[in-house]
Amino acid sequence: MVKLTKTLITVFFLLLKLDNKDVLSLFRVLHWQPNAGTTVNTQILNEVSQCVESINGVKEGRWKATLTYYKPMLRGAFLFFSFLFFFFSFLFFLLNISWIFQFQFENPDQSLAPELPRDFLGISLPEQPNKYYFIIRGQRIVLEADSSIQTIMEKLQSYKSRVALYFEGFQYQLGDFQLRVGKVTPTHSDNLRGIIMEVEYLPLSSLEKSRQVMEEFVDIWQEAISKRSLPGHFMHIEPSFVEYGLSDHYSSQHTAVQYATVMAQLIATQSVQAARN
Amino acid sequence: MGRVIRGRLRSDDGVCGTGNYRDTVGFGVSLMLAFWLLMIKHVEALEILLQGLCGVHKEHLRVHELCLKSGPNLGHVGSEVRLLCDLEHPEPWTVKHVGGALRGSGAEQLSVMVRNMVESKASKNVLRLFYALGYKLDHELLRVGSAFHFKRGARITVTVSSINKMLKLHAIDDTVPVTLGIQVVEVTAPATSENYSEVAAAMSSFCEYLAPLLHLSKPGVSTGVVPTAAAAAASLMSDGGGTTL
């Protein structure tokens, strides 16, 4: 009887675990905030990776997410800037100045349509390869769609990619946690723009219920990383999910919103640094 | 991408019109056969016939369709996108882009009109997103009817529906038919750019079974009325679809 009860309990927990795999676990996205006057570099990224391994993180494989900023294609601006582009291209061709060809015709004047969003971005996440997420931060909109929505956007020819970034690195297993540490780089170059870390807590998908355990883990992690005396620290800014109409039950839309928030923070940090320099 | 075929249907009541004939080609590409149909009194007969032919029960169809167009400055050319909310299953919504028709001699030889079409499921705030992106509501309509999904040489879907317009913005409970007593029959099937001619053939072959009630053709091509429609409908109604047509 006892054996049967034990078996039933085991089966119950196995089913619970299987069930939990269907439900998305909870993610927390952190980014590296460099100290004033310092910048991110690959040395810091290596140190962070070593730190994960030093606390018994088991390397599992690579991960990659892609984030794309979109900009509107404006009718008036297109004609105006096309004219400017061809005029100056011809002029500089005559003058044999090569740098004009590096100029990317990427900034049509959005003052022609000030009501259009400047912070429209799309994200593809590795845990949801068939989905795509659109976010407009200014209006607190997050949308989950099939990845074919990208084809529709291309066909509409109303928005196009302004800049695309990869978040890529390695994934580590650490008990009930999964850590992903990676770099932020533009898709067309290896220039390091930031360091990002995802902490996934597998057993729970309720934000409130997992808050304490997640915070305790992040505290332990911060303590471990602080011992390495690196010029910066990991930072977490929790967006107001309620403003985006998201519930306490964690979903990939929550992750997408966190990525958008992290990117806004990275851009703000780099703008401050650029202003100082 | 997708492809749509425009068709024309006539019944013996002399009711005719043009429509979309769609069918999916390539990843997300669709061919679609759609035909504007027939007096409302034959709808029940058609549904009995379809149920007998397909061997599946009809699904109720109640779809709120919103057509959005890009704002005046947005995009190098104007664009249009359709958002569909199945009122039986309010989430997810469907985002649909219907492209231009396939042209050329190959397309002319087909009995259907082919259009590029892409669909994507999306969360229910998709309308808010497109408004934020600078799209404006052009028109909206409510499609009410039934749908049949089955496999017969291709994954074919047949919908029989009435098109209704809303008297107030988004008032789905306050609608009037666009054309009184007329319903639309759409025959659709997914295909790829390699096999769309076979799919079109499969669809045409299936549509022949509907011939006693309706004829399908491309727009602008008159096929004449279907003289047998009234008799076929009466026969179907009398024995509940047991008669072999």
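Order of the sequence lines fixes the chain letters, A, B, ..., with proteins taken first and strands second; residue numbering starts at 1 for each chain.
- No donor-acceptor distance shorter than 3.5 angstrom exists from the side chain of B:N125 to the backbone of A:I141, with no hydrogens or angles considered.
- The backbone N or O of A:L74 sits nowhere less than 3.5 Å from a side-chain atom of B:N73 that would complete a donor-acceptor pair.
- To the nearest 0.5 Å, atoms NZ (B:K121) and NZ (A:K131) are separated by 10.0 Å.
- Residues B:L133 and A:P117 form a side-chain contact, since some pair of their non-hydrogen atoms from C-beta on lies under 4.5 Å apart.
- Ranked by heavy-atom pairs under 4.5 Å with chain A, the list B:A122, B:S70, B:G134, B:S123 is led by B:S123.
- B:Q51 pairs by the side chain to side chain donor-acceptor pair (under 3.5 Å) definition with B:H57, not counting sequence neighbours.
- Rounding to the nearest 0.5 Å places CG of A:D146 at 9.5 Å from CD of B:E119.
- Taking NE2 from B:H76 and CD from A:Q157, the interatomic distance works out to 8.0 Å, rounded to the nearest 0.5 Å.
- Put simply, NZ on B:K124 and CD on A:E144 are 13.0 Å apart, with the number rounded to the nearest 0.5 Å.
- For chain A, no part of B:Y131 is nearby; none of its heavy atoms comes within less than 4.5 Å.
- Taken to the nearest 0.5 Å, the CD1 atom of A:I136 stands 8.5 Å off from the CZ atom of B:R128.
- Interface remark: A:Y132 contributes no atoms to any contact with chain B (heavy atom separation under 4.5 Å).
- A distance-only check finds no donor-acceptor pair linking the side chain of B:S120 to the backbone of A:A145 [under 3.5 Å].
- A 6.0 Å sphere centred on NE2 of B:H60 holds no more than 12 heavy atoms belonging to other residues, nucleotides or ligands.
- Sparse packing is recorded around CD of A:Q212, with 12 or fewer heavy atoms of other residues, nucleotides or ligands lying under 6.0 Å away.
- Residue-environment remark: CZ (B:R155) stays at or below the threshold of 12 foreign heavy atoms within 6.0 Å.
- Contact of A:I149 with chain B is made through backbone and side chain together, with heavy-atom distances under 4.5 Å.
- Although no hydrogens or angles enter the test, the distance criterion places no donor-acceptor pair under 3.5 Å between the side chain of A:S158 and the main chain of B:L74.
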